[in-house]
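All values below were derived from every heavy atom in this structure, side-chain atoms included, with hydrogens, water molecules and symmetry-related copies excluded. These numbers were taken from a predicted model, which means no experiment stands behind them.
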Amino acid sequence: MIKDYKFDLEIDNKTYGLMFNLNVMEEIQEEYGTLEKWGELTDGKSGEVNVKALIFGLTAMMNEAIEIKNEEEGANECLLSKKQVGRLLIK
C-alpha cells in the first residue's frame, strides 16, 4: 500500500496544504515521464533547480490538498494556478 504524504507550508501567516499521493504522482508522470525524472529536475543536486518542474509539482500537491479539503469539509476553496503558486514561493 502506498502512503499519502501531507505537508503544511506557511507563507505570510497562511498555511497551505500539500498532498503527495497517487493522483499527484500520476500528474507528474504524465508531464515528466517518471517521478525519478521530475525528482532529478527539482532536487538541485546536479545544478540549478528546474523552476517549471518545481512549480508544476507544487501546484499539483497544493491543488490536491485543496480538493481533498473541499470534499471532506464541504469547503469551496478555489484551486491555484501555476502563476499563483510561483508568486507564493518567492515570498
Side-chain angles (χ1 to χ4, degrees):
M1 166 95 25
I2 295 175
K3 182 177 172 153
D4 292 349
Y5 292 94
K6 184 174 187 323
F7 308 90
D8 288 324
L9 178 65
E10 188 172 321
I11 302 170
D12 291 339
N13 297 318
K14 180 172 178 176
T15 301
Y16 297 88
L18 288 92
M19 176 61 74
F20 188 78
N21 62 14
L22 285 174
N23 294 329
V24 172
M25 288 182 215
E26 178 188 21
E27 280 187 63
I28 290 171
Q29 283 180 329
E30 190 173 296
E31 185 72 18
Y32 291 95
T34 67
L35 294 173
E36 183 177 2
K37 173 71 175 166
W38 177 79
E40 290 169 359
L41 292 169
T42 59
D43 67 12
K45 291 180 182 175
S46 60
E48 189 171 79
V49 169
N50 182 308
V51 176
K52 181 178 180 178
L54 179 64
I55 290 172
F56 180 88
L58 289 173
T59 301
M61 289 181 233
M62 293 171 87
N63 283 336
E64 181 69 4
I66 290 169
E67 288 179 340
I68 290 169
K69 180 180 179 182
N70 287 347
E71 290 172 9
E72 291 178 351
E73 299 176 11
N76 195 24
E77 189 174 337
C78 294
L79 299 180
L80 299 168
S81 71
K82 289 186 284 185
K83 288 197 178 254
Q84 288 172 311
V85 172
R87 288 183 196 115
L88 286 171
L89 295 176
I90 60 169
K91 289 188 175 194

Engineer: State, to 0.1 Å, how close Leu41 and Tyr32 come at their nearest heavy-atom pair, and which atoms those are.
Structural biologist: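 Heavy-atom minimum between the residues: CD1-CD2, 3.7 Å.
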
Engineer: Is there a side-chain contact between Phe20 and Met25 in this structure, where contact means two heavy atoms from C-beta onward sitting under 4.5 Å apart?
Structural biologist: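 Side chain of Phe20 against side chain of Met25, heavy atoms only: contact under 4.5 Å found.
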
Engineer: Minimum heavy-atom separation for Tyr16 to Leu88, with atom names?
Structural biologist: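 Looking at all heavy atoms of both residues, the closest pair is OH-CD2, 3.4 Å.
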
Engineer: Minimum heavy-atom separation for Val85 to Leu58, with atom names?
Structural biologist: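 Closest approach of Val85 to Leu58: CG1-CB, 4.2 Å.
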
Engineer: Quick one: CD on Glu40 to NZ on Lys45, what's the gap to the nearest 0.5 Å?
Structural biologist: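 Rounded to the nearest 0.5 Å, the CD-NZ separation comes to 9.5 Å.
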
Engineer: Excluding sequence neighbours, so at least two apart, what forms side-chain hydrogen bond (donor to acceptor under 3.5 Å, both in side chains) with Lys6?
Structural biologist: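 Counting only residues at least two positions away or on another chain, Lys6 forms a side-chain hydrogen bond (donor to acceptor under 3.5 Å, both in side chains) with Asp8.
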
Engineer: What is the distance from atom CD of Glu67 to atom CD of Glu77, rounded to the nearest 0.5 Å?
Structural biologist: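 Taking CD in Glu67 and CD in Glu77, the distance rounds to 11.0 Å.
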
Engineer: What pair of heavy atoms forms the shortest contact from Leu18 to Leu9, and how long is it?
Structural biologist: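 Taking Leu18 first and Leu9 second, the nearest heavy atoms are CD1-CB, 3.5 Å.
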
Engineer: Would you say CD of Glu26 has more than 12 non-hydrogen atoms from neighbouring residues, nucleotides or ligands within 6.0 angstrom?
Structural biologist: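 At most 12 heavy atoms, drawn from other residues, nucleotides or ligands, come within 6.0 Å of this atom.
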
Engineer: Around atom CD of Glu30, are there more than 12 heavy atoms of other residues, nucleotides or ligands at under 6.0 Å?
Structural biologist: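 Check fails, neighbour count at 12 or below.
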
Engineer: Report yes if the side chains of Val24 and Ile28 come closer than 4.5 Å at any heavy-atom pair, otherwise no.
Structural biologist: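 Yes, their side chains come closer than 4.5 Å.
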
Engineer: Is there a path of hydrophobic side-chain contacts, each under 4.5 Å between heavy atoms of I, L, V, M, F, W or Y residues, that connects Met61 with Leu79?
Structural biologist: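 Per the 4.5 Å side-chain linkage, Met61 and Leu79 are co-clustered.
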
Engineer: Kindly compute the distance separating CD (Gln84) from CD1 (Ile55), expressed to the nearest 0.5 Å.
Structural biologist: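 If we round to the nearest 0.5 Å, Gln84:CD and Ile55:CD1 are 12.0 Å apart.
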
Engineer: Between Asn23 and Glu64, which heavy-atom pair has the shortest distance, and what is it?
Structural biologist: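 For Asn23 and Glu64, the tightest heavy-atom pair comes out as ND2-OE2, 2.8 Å.
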
Engineer: Looking at Leu80 and Thr59, what are the two nearest heavy atoms and their distance?
Structural biologist: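 For Leu80 versus Thr59, the nearest heavy atoms are O-CG2, 3.7 Å.
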
